[in-house]
Protein chains: 2
Amino acid sequence: MSLLPLPVTSADRESCEATYVLRRVGEKWSVLILVILGEGPMGFNELDRTVEGLSRRILTRTLRGLESDGLISRTPAADRMEYALTDSGQSLLPLIVALGEWAIEHARHRR
Amino acid sequence: MSLLPLPVTSADRESCEATYVLRRVGEKWSVLILVILGEGPMGFNELDRTVEGLSRRILTRTLRGLESDGLISRTPAADRMEYALTDSGQSLLPLIVALGEWAIEHARHRR
DNA sequence: CTGTATCCTAGCGGATACTG
DNA sequence: CAGTATCCGCTAGGATACAG
């Protein structure tokens with residue numbers, strides 16, 4: 001039995017819900033932000049200071065992307081913006097962590 | 001207890017084995033190719049015909065990428081090239097499928 | 001059958017400076 | 001504190017044509 005309809009058409013791809021999550025996961029900082037927020041909500045500047053090498057511009061865009069996918073929430077708190085995982089984001093986290101652990105177990109042989 | 005060292009430095013990121021897999025998974029066709037090869041080895045043209053909307057150029061690059069990550073093998077067979085999942089690729093597949101299933105369960109609310 | 005060569009576009013990622 | 005405005009380089013993705 002087959003997981004996929006073969007041949008795979010463009011329409012199949014467009015209709016596939018999986019692609020957008022995969023793209024998001026492939027972004028440079030998204031997963032890191034998700035893992036960090038997995039340890040608790042944070043403000044914008046707190047995130048900015050926590051992740052070295054990430055500019056505010058990119059942080060903003062990354063947060064917006066995660067928010068538009070419903071993975072994190074963005075709520076104004078007293079004197080700061082607070083970012084936190086949504087239930088959706090919470091439920092995705094273990095899968096991402098599993099991917100990370102897989103990668104660590106399988107030493108890369110590239111290059 | 002924390003999964004991460006906080007703050008996260010650039011060096012932490014560079015040393016993290018997870019990133020390259022995440023990037024690969026985020027590529028447009030990689031996961032699809034992995035899933036297809038999960039059903040059995042295939043030749044180049046077979047793949048080309050199976051996946052509609054994927055040019056030979058991009059197919060070549062995708063295959064090379066997966067190969068350089070050790071996820072698929074590329075062996076000359078009688079009158080064709082044969083691509084197949086490696087053990088490494090086999091072991092990654094369930095995690096990818098899990099991600100796909102997660103995405104299907106959680107209807108996107110974007111846009 | 002299995003690619004390569006060329007050329008092009010869009011978008012990610014980033015540096016730097018400015019804003020309410 | 002939480003962003004925006006500009007500008008810029010790199011590369012993923014693709015169209016099209018050619019090659020051994």
Side-chain angles (χ1 to χ4, degrees), chain A residues 7-11 13-14 16 19-34 36-37 41-69 72-84 110-111, chain B residues 8-14 16 19-34 36-37 41-69 72-84 110-111:
Chain A
V8 180
T9 68
S10 294
R13 273 195 65 78
E14 297 308 319
C16 180
T19 55
Y20 83 98
V21 186
L22 297 176
R23 300 303 277 222
R24 191 68 67 201
V25 163
E27 280 177 13
K28 188 165 182 179
W29 303 98
S30 293
V31 165
L32 182 57
I33 298 295
L34 286 179
I36 289 175
L37 289 181
M42 270 200 189
F44 184 90
N45 257 271
E46 207 175 346
L47 283 168
D48 191 31
R49 267 177 285 107
T50 301
V51 186
E52 188 223 337
L54 173 57
S55 72
R56 282 193 297 276
R57 179 173 132 63
I58 302 300
L59 177 56
T60 301
R61 252 208 337 191
T62 303
L63 291 170
R64 292 282 195 274
L66 293 171
E67 189 194 359
S68 78
D69 279 349
I72 66 173
S73 63
R74 175 173 176 273
T75 48
D79 107 324
R80 72 166 191 176
M81 271 298 168
E82 188 157 282
Y83 294 91
R110 312 181 306 151
R111 226 164 318 253
Chain B
V8 179
T9 68
S10 296
D12 290 334
R13 273 195 65 79
E14 297 308 319
C16 181
T19 56
Y20 84 97
V21 186
L22 297 177
R23 298 303 276 224
R24 189 69 66 200
V25 164
E27 281 177 12
K28 187 165 183 179
W29 302 99
S30 294
V31 164
L32 182 56
I33 299 295
L34 286 179
I36 289 175
L37 290 181
M42 271 201 189
F44 184 90
N45 254 270
E46 210 174 345
L47 282 168
D48 191 30
R49 267 177 286 108
T50 301
V51 186
E52 187 222 336
L54 173 55
S55 73
R56 282 194 296 276
R57 179 173 132 63
I58 301 301
L59 177 56
T60 301
R61 251 208 340 190
T62 304
L63 291 170
R64 293 281 194 276
L66 293 171
E67 189 194 359
S68 78
D69 279 350
I72 67 174
S73 62
R74 175 173 176 273
T75 48
D79 108 322
R80 70 166 193 176
M81 273 296 167
E82 186 156 282
Y83 294 91
R110 314 183 303 153
R111 225 166 322 250

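In what follows, chains carry the letters A, B, and so on, assigned in the order in which the sequence lines appear, proteins first and then strands, with residues in each chain numbered from 1.
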Legend entry - Candidate pair B:Phe44 and B:Arg56, rule side chain to side chain contact (heavy atoms under 4.5 Å, CB included), full reasoning: CA-CA 9 Å; B:Phe44 184 90; B:Arg56 282 194 296 276; 3.8 Å; yes
Any [X] side-chain nitrogen or oxygen under 4.0 Å from OP1 or OP2 of [N]:
X	N	value
A:Tyr83	D:dG3	yes
A:Arg61	D:dA2	no
B:Arg64	D:dA12	no

Inset, instruction - Identify which nucleotide among D:dC18, D:dA2, D:dG14 has an atom closest to any side-chain atom of B:Ile58, counting heavy atoms from C-beta outward. - result: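 In terms of side-chain proximity for B:Ile58, the closest of D:dC18, D:dA2, D:dG14 is D:dG14.
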Inset, instruction - Tell me which nucleotide among D:dC1, D:dG14, D:dA5 gets nearest to the side chain of A:Arg57. - result: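 Closest nucleotide among those given: D:dA5.
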Legend entry - Boundaries of the chain B footprint along DNA chain C (any atom under 4.0 Å from a heavy atom):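 Extent of the interface on DNA chain C: C:dC1 to C:dG13.
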Can you tell me the distance, in whole Å, between the [atom1] atom of [X] and the [atom2] atom of [N]?
X	N	atom1	atom2	answer
A:Leu59	D:dG3	CG	C1'	10 Å
B:Glu27	D:dA12	CD	P	7 Å
B:Met81	D:dG20	CE	P	17 Å
A:Met42	D:dC1	CE	C1'	16 Å
B:Trp29	D:dG13	CH2	P	10 Å
A:Leu63	D:dG3	CG	C1'	11 Å
B:Arg56	D:dC18	CZ	P	13 Å
B:Asp48	D:dG14	CG	P	13 Å

Legend entry - Point-to-point distance, once rounded to the nearest 0.5 Å, from OH of B:Tyr83 to CD of B:Glu46: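 Between atom OH of B:Tyr83 and atom CD of B:Glu46 there are 12.5 Å.
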Inset, instruction - Could you pull out the closest heavy-atom pair between A:Arg24 and A:Ser68, with the gap in Å? - result: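 In this case the closest contact between A:Arg24 and A:Ser68 is NH2-OG, 3.8 Å.
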Inset, instruction - Might you point out which heavy atoms bring B:Glu27 and B:Ser30 nearest each other, and give the distance in Å? - result: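 Result for this residue pair: OE1-OG, 2.9 Å.
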Legend entry - Sole candidate of B:Leu32, B:Asp48, B:Ile33 that passes side-chain contact (heavy atoms from CB on, under 4.5 Å) when paired with B:Leu54: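 Exactly one pass, corresponding to B:Ile33.
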Legend entry - Partner of B:Trp29 by side-chain contact (heavy atoms from CB on, under 4.5 Å), out of B:Leu63, B:Leu66, B:Ile58: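 It is B:Ile58, the one option of B:Leu63, B:Leu66, B:Ile58 that forms the side-chain contact (heavy atoms from CB on, under 4.5 Å) with B:Trp29.
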Inset, instruction - Have a look at A:Arg80 and say if it touches a base, only the backbone sugar-phosphate, or nothing, with a 4.0 Å heavy-atom cut-off. - result: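 Sugar-phosphate: the residue A:Arg80, judged by heavy atoms under 4.0 Å, touches backbone atoms but no base.
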Inset, instruction - Have a look at A:Asp79 and say if it touches a base, only the backbone sugar-phosphate, or nothing, with a 4.0 Å heavy-atom cut-off. - result: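 Result for A:Asp79 = sugar-phosphate.
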Inset, instruction - Take A:Leu59 and A:Val51, measure what side chain to side chain contact (heavy atoms under 4.5 Å, CB included) needs, and give me the verdict at the end. - result: CA-CA 9 Å; A:Leu59 177 56; A:Val51 186; over 6 Å; no
